[in-house]
Amino acid sequence: MDDFSSLETLLLYADADDDAEPGVAPPIHAAVPFSAPSAEAFAELSATPRHDRFYRRYGSPTQTRLEKVLAAAEGAEAALATASGMGAISTTLLALLSTGDHVVAQHSMYGGTLNLLKDVAPRLGIEVTFVDQTDTSAFAAALRPNTRLVMLETPSNPLLQLTDLRAVAGLARERGIRTLADNTVATPVNQRPLECGVDLVVHSVTKSLSGHSDVLAGVVAGSGELIDRIWHTHILTGAVLSPHDAWLALRGLRTLVMRVRRQNENALALARFLQDHPGVAAVNHPGLPEHPQHDLAKRQMTGYGGLLSFRPHGGRETAERLLSALRLVRRAPSLGGYRTLAVRPAAMWAIELTDEQLEEAGVPPALIRVAVGLENTDDLVADFERALAAAGAA
Ligand SMILES: *Cc1c(COP(=O)(O)O)cnc(C)c1O
C-alpha cells in the first residue's frame with residue numbers, strides 16, 4: 001500500500017490486500033493447525049520465516065493483518081504482534097542480548113520494563129546502566145565496548161520527561177549500538193521514533209493503539225531482518241497474541257488518529273486549566289510552554305499526547321480526597337482508553353514507599369497521573385474543577 005502516505009488512510013488500508021472475501025471488515029481466523037496439500041508444502045513453510053498458515057504459535061492471518069497496519073503506522077518494514085507490551089519487550093531483549101552484554105536504559109521507564117532490567121537481566125549475565133533521560137551526554141558516558149542496546153521511553157511516565165531521540169539514536173549508531181524506543185505514551189500520531197534514527201519501536205498495544213481498555217497486546221516494529229530474528233525467539237517463548245485480541249486491536253486501530261487528536265486537545269486543555277488553578281502546585285505536560293523540555297517536544301513531537309500529571313497543594317490526603325471526588329474520571333492505571341483514568345502513582349506500589357523513597361524516585365506522594373479519554377473537554381475540566389473544590393485544594 002505505497003499509494004497512501006497519510007496515517008489516517010494507512011490505518012484503514014494497509015491490510016486491504018488481504019481482503020479475501022467481499023466482507024469489508026476482516027474475519028477472525030481461529031484455527032490452530034492449518035492443513036497443507038503435500039509434504040513439500042510443509043517443507044517450504046518451515047524454510048520461510050514469518051509464515052502464518054502452519055500452526056498458530058508461528059502466526060495467523062488475523063495477526064498478519066494487524067502487523068501490516070502496525071508496521072505502516074510506525075513507518076516500519078515489519079512488525080511482530082505479541083500477547084502484551086511486556087511480551088514484546090521481553091522477547092526482543094531475549095532475542096538480541098546474550099550473557100556478557102551491556103544495556104543502557106533510563107532511570108524512568110515503565111515499571112515492568114524496569115523490573116525486567118533490574119531483576120531478570122542480571123540473572124542472565126546482562127548488565128544494565130541507568131541514566132537520566134533528559135541528559136544526552138549521560139547516555140554517551142554510559143556506553144561501553146560491550147553495550148548492545150540502548151532502551152528509550154519518551155515521554156516518560158509519570159513525570160513526562162523527554163529523551164532526545166535523534167541525539168541518542170545518533171550517538172548509539174556511530175558506535176554500532178542498537179536503540180529501542182517504547183512509543184506507547186506518544187503514539188505514532190505524535191512521534192515517529194524510526195524517523196529519528198531509532199532501530200526498533202515497541203508498544204503496549206493495550207493502550208492507545210487498541211484504545212478501548214479491553215485488549216492486552218504488544219508490538220515490536222523495525223527492519224525485516226531484526227523482526228525475523230525476534231520472531232525466531234518469539235515462536236519458542238510462545239507469548240503469542242490470540243486472533244480474537246488481534247482482531248479487536250485492529251478494530252481499535254482504525255480510529256487511532258481521531259482518538260489521539262482528541263486526547264491531545266483534552267490533555268492540553270486540562271493541563272492549562274490545572275496550571276492556572278490556585279490549588280495546584282505543579283503540572284507536568286510536554287505541551288505546556290512551562291515544561292522544561294518544551295522546545296524538544298516541539299521538535300520531536302507533532303502532538304503532546306493524552307498523559308499528564310499534577311500535584312495539588314496539601315499532600316497525599318488532599319490528592320486522595322480529590323481522586324475520590326471525581327465523578328466521571330475513574331481511579332485506575334493504564335492510559336489511552338476512551339474514558340479518562342487517574343491514579344496516584346505512589347499508591348500503585350503494593351507496599352507504599354516512604355516519602356523519602358518516593359522523593360528519591362522523583363515521584364512526589366501527592367502526584368496524580370491523568371490519562372485523558374475522549375470526553376467533551378468542558379465536561380472533563382468541570383469534573384476536575386469540582387473535585388479540586390471538594391478536596392479543599394484551593
Ligand atoms: C502498559 C505499558 C507497558 C506494558 O504493556 P502491557 O501491554 O501491559 O504488557 C509497557 N510500556 C509502557 C510505556 C506502558 O504504558
Side-chain angles (χ1 to χ4, degrees), residues 63 66 70 74 79-94 103 105-121 133 149 151-163 165 179-191 193 198 200-221 230 234 237-242 244-246 248-250 252-253 256 259-260 263 267 284 286 301 304-309 332-337 340-343 345 348-349 363 369-373:
Q63 183 182 328
L66 172 64
L70 288 169
E74 283 292 357
L80 173 66
T82 57
S84 66
M86 284 313 300
I89 294 166
S90 59
T91 306
T92 300
L93 297 192
L94 209 55
V103 174
Q106 305 176 176
H107 280 303
S108 178
M109 298 193 86
Y110 179 72
T113 309
L114 280 180
N115 289 342
L116 186 68
L117 294 173
K118 286 182 178 165
D119 300 340
V120 181
Q133 74 191 92
L149 188 67
M151 294 184 58
L152 310 170
E153 188 179 314
T154 178
S156 69
N157 163 20
L159 294 175
L160 286 303
Q161 293 179 318
L162 306 192
T163 312
L165 291 174
T179 45
L180 173 151
D182 186 330
N183 204 29
T184 302
V185 171
T187 84
V189 179
N190 293 327
Q191 180 171 275
V198 167
L200 288 166
V201 176
V202 293
H203 277 278
S204 171
V205 175
T206 313
K207 313 292 166 55
S208 306
L209 296 189
S210 65
H212 295 73
S213 303
D214 53 8
V215 180
L216 193 69
V219 69
V220 51
I230 297 166
H234 183 60
T237 52
V240 300
L241 184 60
S242 84
H244 297 81
D245 280 342
L248 270 176
L250 190 53
L253 262 177
L256 178 71
R259 288 186 287 105
V260 170
Q263 289 174 344
N284 305 305
M301 307 178 79
Y304 304 114
L307 200 65
L308 64 102
S309 60
S334 200
L335 58 112
T340 298
L341 305 176
V343 75
M348 283 207 293
W349 282 289
V363 179
R369 185 190 79 183
V370 186
V372 306

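Atoms within each ligand, like the ligands themselves, are counted from 1 in listed order.
When all heavy atoms of Asn284 and Leu159 are compared, the pair lying nearest together is CB-O, 3.6 Å. In this structure, Pro333 and Met348 approach most closely via the heavy-atom pair CB-SD, 3.6 Å.
When only interatomic distances are considered, the shortest N/O to N/O separation between Met86 and ligand 1 falls below 3.5 Å. The distance criterion of under 3.5 Å between nitrogen or oxygen atoms is met by Thr206 with respect to ligand 1. Between Val185 and ligand 1, not a single N/O pair is under 3.5 Å apart.
With respect to atom 15 (O) of ligand 1, the closest heavy atom belonging to the protein is Lys207 NZ, 2.7 Å. When hydrogens are left out, the protein atom nearest atom 4 (C) of ligand 1 is Tyr110 CE2, 3.4 Å; that is the closest non-hydrogen contact.
With rounding to the nearest 0.5 angstrom, the OG atom of Ser334 is 7.5 Å from the CZ atom of Arg369.
Residue Asp182 holds the heavy atom nearest to atom 11 (N) of ligand 1 of all those in Val215, Asp182, Asn157.
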* **Criterion side-chain contact (heavy atoms from CB on, under 4.5 Å) on Met86 and Thr113, from CA distance to verdict** => CA-CA 7 Å; Met86 284 313 300; Thr113 309; 4.1 Å; yes
* To do: List the steps and the verdict of side-chain contact (heavy atoms from CB on, under 4.5 Å) for Leu253 and Leu66.
  => CA-CA 9 Å; Leu253 262 177; Leu66 172 64; 3.7 Å; yes
* Tell me, with the steps shown, if Gln191 and Leu165 meet side-chain contact (heavy atoms from CB on, under 4.5 Å). => CA-CA 10 Å; Gln191 180 171 275; Leu165 291 174; 3.8 Å; yes
* Please test Ser208 against Thr184 for side-chain contact (heavy atoms from CB on, under 4.5 Å), starting from the C-alpha separation and ending with a verdict. => CA-CA 7 Å; Ser208 306; Thr184 302; over 6 Å; no
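Within ligand 1, counting atoms from 1 as listed, the ones closer than 4.0 Å to a heavy atom of Glu153 are 13 (C).
When non-hydrogen atoms are compared, ligand 1 lies under 4.0 Å from neither the backbone nor the side chain of Ser334.
In this structure, Ala217 counts as a contact residue of ligand 1, since one of its heavy atoms falls inside 4.0 Å of the ligand.
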